[in-house]
Structure formats: structure tokens, C-alpha cells
Amino acid sequence: MSATPPLSRLLPRRRTALRALFALAVSAFTGGTLAHVATTPGAGAGRTGEARAGGSGGGFDEMYRGRRIQGRPVAGARFDVRVDGRPLHLMRCADGGYLTPVDHYASYPTPLAAARGAVDEMGSARLALGAHHGVRP
């Protein structure tokens with residue numbers, strides 16, 4: 001009789017140990033990477049709407065193609081954007097960009113870029129007062 005167990009009894013233990021080591025390594029590297037991404041300021045989708053707008057306070061006020069575009073951050077990462085004093089509704093995309101009802105086929109990286117895209121698309125037309133999703137008279 002042999003004192004060592006057969007090879008078939010050692011394999012499940014070896015597989016279990018290797019699986020545990022692999023799982024530990026994956027979770028350690030994933031946790032380290034997520035911690036780095038979470039603590040790095042201005043890294044990708046973790047930015048707030050204020051940082052995406054490009055201004056110091058997140059707001060903007062400019063003339064673009066003869067139109068006055070104004071925007072300011074409101075609750076959370078939302079923006080109040082106005083074109084010639086009329087509200088332009090912005091919708092947030094899953095990729096972190098913005099859509100407008102005027103040009104809802106294109107996603108823009110910032111609220112200012114979305115407002116400029118809407119002005120480009122509108123031409124000489126004006127925005128209707130309060131005509132965006134969710135508004136009830």
C-alpha cells in the first residue's frame with residue numbers, strides 16, 4: 001500500500017486552489033482599477049455636468065450664429081439651457097452626452113455643444129415656449 005493518495009484525489013484540490021487564486025487576483029485588480037477611476041478627478045463618465053460644460057461654475061452665456069445661448073447647472077447634473085430666452089430641453093444619454101428635441105439624432109458631449117447643434121438645426125426658426133417632454137399646461 002502506498003502512503004500517498006492517488007492523483008485523482010489531488011486534482012480537485014488543485015483546481016479549487018487555482019480557482020480561488022484566480023478569483024482573488026481578478027477581484028484585487030478590478031478593485032484597484034475601480035478605486036483609481038473613482039478617485040481620479042475629471043476621468044471620463046464620472047465627471048459632473050459642471051465639469052463637462054467647460055466653465056468655472058459650469059454655466060455659459062454666448063452669442064452663436066446670432067443667437068444668445070445661456071446655460072446654468074441646476075439640481076444634480078441637469079442644465080437649464082435657453083436659446084434667445086426660450087427653454088431648450090436637454091436629455092441625458094447613457095454615454096454621458098446630451099440630446100435635444102430639435103436634433104435628437106445626434107449626441108453631444110456638453111450642454112453647450114448640444115445648444116449649438118440645436119441652433120444649427122433650427123436655422124431662423126424660434127423655439128416654442130414650454131414645448132418639451134413632460135410639460136403640461
Side-chain angles (χ1 to χ4, degrees):
M1 280 204 171
S2 150
T4 61
L7 185 60
S8 62
R9 285 189 49 101
L10 292 177
L11 287 179
R13 291 183 191 154
R14 186 181 301 159
R15 284 185 192 142
T16 304
L18 288 174
R19 282 183 192 147
L21 284 174
F22 178 74
L24 180 66
V26 167
S27 61
F29 286 118
T30 303
T33 302
L34 290 176
H36 174 70
V37 169
T39 59
T40 304
R47 291 187 285 179
T48 64
E50 293 178 15
R52 286 176 164 263
S56 60
F60 49 87
D61 187 356
E62 72 171 35
M63 290 296 289
Y64 178 74
R65 295 193 177 190
R67 305 283 187 120
R68 184 172 184 189
I69 301 174
Q70 298 171 304
R72 63 182 176 87
V74 290
R78 297 188 60 212
F79 270 82
D80 176 36
V81 177
R82 297 184 177 269
V83 177
D84 293 334
R86 294 174 179 245
L88 174 68
H89 180 64
L90 292 181
M91 295 167 277
R92 197 68 190 255
C93 298
D95 66 355
Y98 295 87
L99 292 176
T100 67
V102 176
D103 184 16
H104 59 271
Y105 295 110
S107 176
Y108 298 95
T110 64
L112 178 58
R116 287 176 179 165
V119 167
D120 290 340
E121 205 57 38
M122 286 188 311
S124 62
R126 295 184 64 183
L127 286 171
L129 287 173
H132 60 272
H133 298 291
V135 173
R136 303 283 186 253

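Contact detail for Ala113 and Thr110: the closest heavy-atom pair is N-OG1, 3.0 Å. Across Thr30 and Val26, no two heavy atoms sit closer than the pair OG1-O, 2.8 Å. Taking each heavy atom of Ala114 and Leu90 in turn, the nearest pair found is CB-CD2, 3.8 Å. Annotation for Ser107 and Gly97: closest pair OG-CA, 3.8 Å, computed over non-hydrogen atoms.
Screening residues 105-117 for salt bridge (Lys or Arg N to Asp or Glu O under 4.0 Å) gives Glu62-Arg116 as the qualifying pairs, with residues at least two apart or on separate chains.
A distance-only check finds no donor-acceptor pair linking the side chain of Arg65 to the backbone of Gly123 [under 3.5 Å]. Of the possible donor and acceptor atoms, one in the side chain of Asp84 sits under 3.5 Å from a partner among the backbone N and O of Arg68.
Two residues are said to be in side-chain contact when any heavy atoms from C-beta on lie closer than 4.5 Å; Phe79 and Arg72 fail this criterion. Using a 4.5 Å cut-off on side-chain heavy atoms (C-beta onward), Val81 and Tyr98 make no contact.
The distance from atom OG1 of Thr16 to atom CG of Leu21, rounded to the nearest 0.5 Å, is 11.0 Å. A distance of 6.5 Å separates CE of Met91 from OG1 of Thr100, quoted to the nearest 0.5 Å. Atoms CG and NE2, from Leu99 and His89 in turn, are 9.5 Å apart once rounded to the nearest 0.5 Å.
Take Arg86 and apply the salt bridge (charged side-chain N to carboxylate O under 4.0 Å, His left out) test, not counting sequence neighbours, and it matches no residue.
The hydrophobic side chain of Leu18 is isolated, with no ILVMFWY side chain under 4.5 Å apart from it.
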